[in-house]
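Inspection log for the structure reproduced underneath, given as C-alpha cells.
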Protein chains: 2
Amino acid sequence: MSEYQHTCLIRGDDGQAVRAILDRICNKWTLLIVATLDRGTVRFTDLHRQIPGISQRMLTLTLRNLERDGLVSRTVHAEVPPRVEYALTPVGKSLIPPALALAGWAVEHVPHIEASRRAHESGGR
Amino acid sequence: MSEYQHTCLIRGDDGQAVRAILDRICNKWTLLIVATLDRGTVRFTDLHRQIPGISQRMLTLTLRNLERDGLVSRTVHAEVPPRVEYALTPVGKSLIPPALALAGWAVEHVPHIEASRRAHESGGR
DNA sequence: CTGTATCCAACGGGATACTG
DNA sequence: CAGTATCCCGTTGGATACAG
C-alpha cells in the first residue's frame with residue numbers, strides 16, 4: 001500500500017474526519033484532562049488541583065464537552081458535601097494511544113522545532 | 001511499565017511539550033497541508049487547488065509557520081512567471097505517522113462521538 | 001464542594017482588494 | 001504566479017463574582 005493511500009486518512013473527505021476530532025481535542029485543556037483521568041476516577045477539585053493553571057470555568061466547560069462526546073463519564077454521589085467523580089469511558093481510553101503517539105513526537109521533535117523558530121527570528125530581522 | 005508512566009508523556013511538565021505541538025498543528029489547516037505535501041513537492045497554486053476552502057491568506061500564513069518550525073521547505077525558482085515549491089522536511093515527514101494514528105482514531109470513533117452528541121442534544125432539552 | 005453567570009480581551013480566520 | 005494588506009467578525013478562554 002502506498003503512502004498516498006495512507007495520507008488519504010488525513011485528507012480523506014477534504015479532511016472532515018480529522019477536522020471533527022481536531023475541533024474536539026485541540027483546545028487548551030482537553031488532552032491534559034484526558035491524560036489525567038487515565039490514572040483513574042478523579043473528582044472535580046482533585047482535577048482542579050492536578051491541572052495547574054486551569055480555571056473552574058474551563059474545567060467545567062471541557063468536562064461537559066467530553067461528557068457530551070461520550071469520552072468521559074460523570075457520576076454524582078448524593079452526599080453532603082456533594083461529590084462528583086469523573087472517569088474515562090472506553091472510547092475515552094481509546095484516545096490515549098494516539099494521543100501518546102503525538103506526545104512522543106512532541107517530546108522528540110519540539111526542541112528541534114523551537115531551535116528552528118529561534119533561528120528564523122534572529123536571522124529574519 | 002505502568003499506564004501512569006505512559007501518560008506522563010502527555011502530562012509531563014504540566015503538558016507543556018504537548019501544548020507546544022498542539023499550538024502548532026491544531027489549527028484549521030496545518031495537518032491538511034502536511035498531508036497534502038506528503039505526496040511530494042507541490043507549488044503554491046497547486047496547494048491552493050488541492051485544499052478546497054482554504055484562502056490564500058491562510059495558505060500563506062500556515063506555510064510560513066510550518067517553514068519557521070522547520071517542517072516544510074520553501075524553494076523559490078528564479079523564473080518568470082515565478083515558481084515556488086513546497087515540500088516536507090524530514091521532521092515534517094516524521095509527523096505523518098502520529099498524525100495518521102490520530103486520523104485513524106478519528107475515522108473509527110467520530111461516528112460514535114457524534115451519536116453521543118446528538119443523544120445529549122435531543123435528550124437534554 | 002461543585003459548580004453557574006457575566007464581562008472582557010486576545011486570537012484565529014474569512015472576504016476582499018491590491019502588488020511585484 | 002505567488003503572494004501582501006486591511007477590515008471585520010466569531011470563538012476561546014481568563015478573571016471575577018455568585019449559588020446550591
Side-chain angles (χ1 to χ4, degrees), chain A residues 14-16 18-34 36-37 41-69 72-87 120 124-125, chain B residues 14-16 18-33 36-37 41-69 72-87 117 120 124-125:
Chain A
D14 301 344
Q16 289 188 8
V18 180
R19 190 80 45 72
I21 174 60
L22 250 41
D23 286 349
R24 286 171 174 82
I25 71 166
C26 282
N27 53 63
K28 202 166 176 179
W29 302 110
T30 294
L31 272 189
L32 216 44
I33 290 180
V34 169
T36 304
L37 287 177
T41 299
V42 188
R43 53 193 294 188
F44 188 84
T45 305
D46 288 338
L47 272 175
H48 200 190
R49 269 193 298 258
Q50 289 183 44
I51 302 177
I54 195 172
S55 64
Q56 274 197 339
R57 171 184 142 87
M58 288 318 295
L59 181 54
T60 303
L61 271 180
T62 311
L63 284 170
R64 290 290 179 277
N65 287 335
L66 285 169
E67 196 191 353
R68 280 179 112 73
D69 290 351
V72 159
S73 67
R74 177 174 179 266
T75 311
V76 184
H77 299 264
E79 303 172 1
V80 178
R83 178 163 55 102
V84 180
E85 293 188 321
Y86 294 91
H120 271 265
R125 60 176 91 164
Chain B
D14 301 345
Q16 288 187 8
V18 180
R19 190 80 46 72
I21 172 60
L22 249 41
D23 287 347
R24 286 172 173 81
I25 71 167
C26 283
N27 53 64
K28 200 167 176 179
W29 302 109
T30 294
L31 273 188
L32 217 44
I33 291 180
T36 303
L37 287 177
T41 297
V42 188
R43 51 195 295 188
F44 188 85
T45 305
D46 288 338
L47 271 175
H48 200 189
R49 270 193 297 258
Q50 290 182 43
I51 303 178
I54 195 172
S55 63
Q56 273 197 340
R57 170 184 143 87
M58 288 318 296
L59 181 54
T60 304
L61 272 179
T62 310
L63 283 171
R64 290 290 180 274
N65 288 335
L66 285 169
E67 195 190 354
R68 283 179 108 74
D69 291 350
V72 159
S73 67
R74 176 172 179 269
T75 310
V76 184
H77 299 264
E79 306 173 0
V80 178
R83 179 163 54 103
V84 180
E85 293 188 320
Y86 294 92
R117 283 224 150 180
H120 270 265
R125 59 176 90 155

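Chain identifiers are assigned alphabetically (A, B, ...) following the order of the sequence lines, protein sequences preceding nucleic acid strands; residue numbering begins at 1 within each chain. Just so it is clear, the values below take in all heavy atoms, side chains as well, and ignore hydrogens, waters and symmetry mates.
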Taking all atoms of both residues into account, what is the closest heavy-atom pair of Thr30(A) and Arg24(A), and its distance? OG1-O, 3.5 Å
Between Leu61(A) (CG) and dT4(C) (C1'), how many Å, whole number? 10 Å
How long is the line joining CZ of Arg24(B) and P of dG12(C), in whole Å? 12 Å
Output the rounded distance in Å from CE (Met58(B)) to P (dT16(C)). 17 Å
Let me know the distance between NZ of Lys28(A) and C1' of dA10(C), rounded to the nearest Å. 11 Å
CG of Leu47(B) to CD of Glu85(B): how many Å apart, nearest 0.5 Å? 10.5 Å
Nearest-nucleotide wise, let me know which of Gly53(A) and Leu63(B) is further upstream toward the 5' end of DNA chain D. Leu63(B)
Using whole Å, what does the distance between atom P of nucleotide dT4(C) and atom NE2 of His48(A) come to? 14 Å
Heavy-atom closest pair (Thr41(B) atom, Ala87(B) atom, distance to 0.1 Å) is OG1-CB, 3.7 Å
Taking atom CG of Asn27(B) and atom SG of Cys26(A), what is their separation to the nearest 0.5 Å? 8.5 Å
Range on DNA chain D touched by chain B - first to last nucleotide, heavy-atom distance under 4.0 Å: dC1(D) to dT6(D)
How long is the straight-line distance from CG of Leu66(B) back to CZ of Arg74(B), given to the nearest 0.5 Å? 13.0 Å
Hey, does Thr60(A) reach any base, or is it just sugar-phosphate, or nothing, if we go heavy atoms under 4.0 Å? base
I need the CD1-C1' distance between Ile54(B) and dG13(C), as an integer number of Å. 10 Å
Looking only at heavy atoms, which two atoms of Ile54(B) and His48(B) are closest? And how far apart? O-NE2, 3.1 Å
Do Tyr86(A) and Ile33(A) have side chains that get closer than 4.5 Å, going by heavy atoms? no
Using OP1 and OP2 only, check whether a side-chain N or O of Arg83(A) sits under 4.0 Å from dT2(C). no
Taking CG from Asn27(A) and C1' from dC11(C), how many angstroms apart are they, rounded to a whole number? 15 Å
Can you tell me how far C1' of dG13(C) sits from CZ of Arg19(A), to the nearest Å? 12 Å
Nearest listed nucleotide, side chain of Arg57(A), among dA5(C), dA17(C), dG13(C): dA5(C)
